[in-house]
Protein chains: 2
Amino acid sequence: MKLVQIYECLCDETRLRLLNLLLQGPLCVCHFQTILGEPQVKISKHLGYLKTRGLVMARREGNWIVYALPEKRPHELSANLACLQDCAGDQAVFRRDLARLRQLDLSCSPLNAAGTPVAHGRRCC
Amino acid sequence: MKLVQIYECLCDETRLRLLNLLLQGPLCVCHFQTILGEPQVKISKHLGYLKTRGLVMARREGNWIVYALPEKRPHELSANLACLQDCAGDQAVFRRDLARLRQLDLSCSPLNAAGTPVAHGRRCC
DNA sequence: GATCTATATTCTTAAATAGGAATGTAGTTT
DNA sequence: AAACTACATTCCTATTTAAGAATATAGATC
């Protein structure tokens with residue numbers, strides 16, 4: 001993976017916010033919408049941008065598309081994600097996003113943890 | 001310093017190459033030209049871009065303008081520069097640039113080390 | 001199968017960016 | 001002061017990028 005391509009993905013604030021959230025675990029699109037407070041197109045397109053370039057992976061889960069960081073990451077990527085996580089803690093936007101993430105009902109997400117089966121078809125966001 | 005602004009600086013290969021070289025110490029513009037093999041306008045404009053955004057500093061030294069990383073760097077910046085240095089070692093372009101740097105005659109540069117006075121006015125590159 | 005929910009894609013427009021050619025400028029040498 | 005060196009800036013063009021409105025699609029529910 002070329003270094004520049006990683007930075008091209010990181011050079012937009014919306015994408016930084018998405019990645020910062022994904023560092024906590026997989027999330028579906030509607031959660032990003034709720035947390036960022038940005039319109040659906042915007043979120044969807046930036047996720048698409050990241051997906052095309054291999055920074056995130058997507059899988060369908062019922063009605064929802066769950067995004068996650070790739071499990072196997074080349075060194076350049078993990079190094080930069082670690083750096084992002086380190087630095088994001090200092091800046092208000094990212095801290096606020098993480099705070100909102102914690103308050104979220106993640107019922108439609110695989111993040112609802114410990115094996116609880118995902119409730120397909122339930123209304124989500 | 002906003003994180004996005006740092007990444008905006010990093011999302012161009014020419015600028016990455018410049019910064020990667022500057023991690024070794026101060027350099028003047030003509031050295032960048034020689035090492036990168038890119039036209040003067042290109043080098044100069046990217047250095048200007050980095051300077052405007054505070055990623056590099058410039059000082060005049062006789063006929064030459066010497067560029068250097070800022071001495072005092074906010075955490076986001078030093079973290080990302082360290083990450084860049086770490087990752088750049090894996091990619092051919094950056095290794096080649098460093099190799100060329102080592103072969104250079106740095107007579108016009110402050111890099112010519114150990115207090116040797118800089119020979120103003122001598123032809124440089 | 002009609003409807004609904006979640007998400008993606010297309011179309012269009014505005015703005016940012018990169019690159020080069022040509023020219024300007026500051027300092028140096030003769 | 002004329003000529004030269006190192007570098008910056010201006011002007012122009014092509015490409016990329018971001019954003020939103022509108023529309024399309026895939027799967028779930030009724």
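Chain letters run A, B, ... following the sequence lines, proteins first and then strands; every chain starts at 1. The model shown is predicted, which means the values in this text are computed figures rather than measured ones.
Residue B/Asp12 contributes atom CG, which lies 12 Å from atom P of D/dT17 at whole-angstrom precision. Between the CG atom of A/Asn63 and the C1' atom of D/dT25 there is a distance of 11 Å, rounded to whole Å. Straight-line distance from the CD atom of B/Gln33 to the P atom of C/dG19: 15 Å, rounded to whole Å. Atom-to-atom, CD of B/Glu61 to P of C/dG27 comes out at 13 Å; the value is rounded to the nearest Å. Distance A/Trp64 CH2 to C/dC4 P: 18 Å, rounded to the nearest Å. Taking atom NE2 of residue A/His31 and atom C1' of nucleotide C/dA6, one finds them 12 Å apart after rounding to whole Å. Whole-Å rounding puts the B/Glu8 CD to D/dT16 C1' distance at 14 Å. Atom OH in A/Tyr7 sits about 18 Å away from atom P in D/dT17, given to the nearest Å.
For the salt bridge (charged side-chain N to carboxylate O under 4.0 Å, His left out) test, residues two or more places apart in sequence or in another chain that qualify with A/Glu13 are B/Lys2.
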Donor-acceptor contacts under 3.5 Å from residues 35-43 of chain A side chains, at least two apart:
| residue | atom | partner | partner atom | Å |
| --- | --- | --- | --- | --- |
| A/Glu38 | OE1 | A/Lys42 | NZ | 3.1 |

Side-chain donor-acceptor distances from residues 79-99 of chain B under 3.5 Å, at least two apart:
| residue | atom | partner | partner atom | Å |
| --- | --- | --- | --- | --- |
| B/Asn80 | OD1 | B/Tyr7 | OH | 3.4 |
| B/Asn80 | ND2 | B/Glu76 | O | 3.0 |
| B/Asp86 | OD1 | A/His75 | NE2 | 3.4 |
| B/Asp86 | OD2 | A/His75 | NE2 | 2.9 |
| B/Gln91 | OE1 | A/Leu3 | N | 3.3 |
| B/Gln91 | NE2 | A/Met1 | O | 3.1 |
| B/Arg95 | NH1 | B/Gly89 | O | 2.8 |
| B/Asp97 | OD1 | B/Arg17 | NH2 | 3.0 |
| B/Asp97 | OD2 | B/Arg17 | NE | 2.8 |

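Taking 4.5 Å as the limit, every side-chain heavy atom of B/Leu27 sits out of range of all side-chain heavy atoms of B/Leu18. The shortest distance between side-chain heavy atoms of B/Leu69 and B/Leu77 does not fall below 4.5 Å.
Listed by first and then second residue, the side chain to side chain donor-acceptor pair (under 3.5 Å) pairs that reach into residues 46-57 of chain A are A/Arg15-A/His46, sequence neighbours excluded.
Comparing B/Arg60 and B/Cys11 by the nucleotide of DNA chain C that holds the closest heavy atom to each, the one mapping nearer the 5' end is B/Cys11. The nearest heavy atom of DNA chain D to A/Tyr49 and to A/Glu38 marks one nucleotide each, and the one closer to the 5' end goes with A/Tyr49.
Here the nucleotide nearest the side chain of B/Cys30, chosen from C/dG20, D/dC7, C/dT7, is D/dC7. For A/Lys42, the listed nucleotide lying nearest its side chain is D/dG20; candidates were C/dG20, D/dG20, D/dT5.
Here the side chain of A/Arg60 pairs a donor or acceptor atom with the backbone of A/Gly62 at under 3.5 angstrom.
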Report all interatomic pairs (protein N or O, nucleotide N or O of nucleotides 8-10 of chain D) with separations under 3.5 Å.
| residue | atom | partner | partner atom | Å |
| --- | --- | --- | --- | --- |
| D/dA8 | OP1 | B/Tyr67 | OH | 2.3 |
| D/dA8 | OP2 | B/Ser44 | OG | 2.7 |
| D/dA8 | N7 | B/Gln40 | NE2 | 2.7 |
| D/dA8 | N6 | B/Gln40 | OE1 | 3.2 |

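Proximity of A/His46 to the phosphate of D/dT17: no side-chain N or O atom is located under 4.0 Å from OP1 or OP2.
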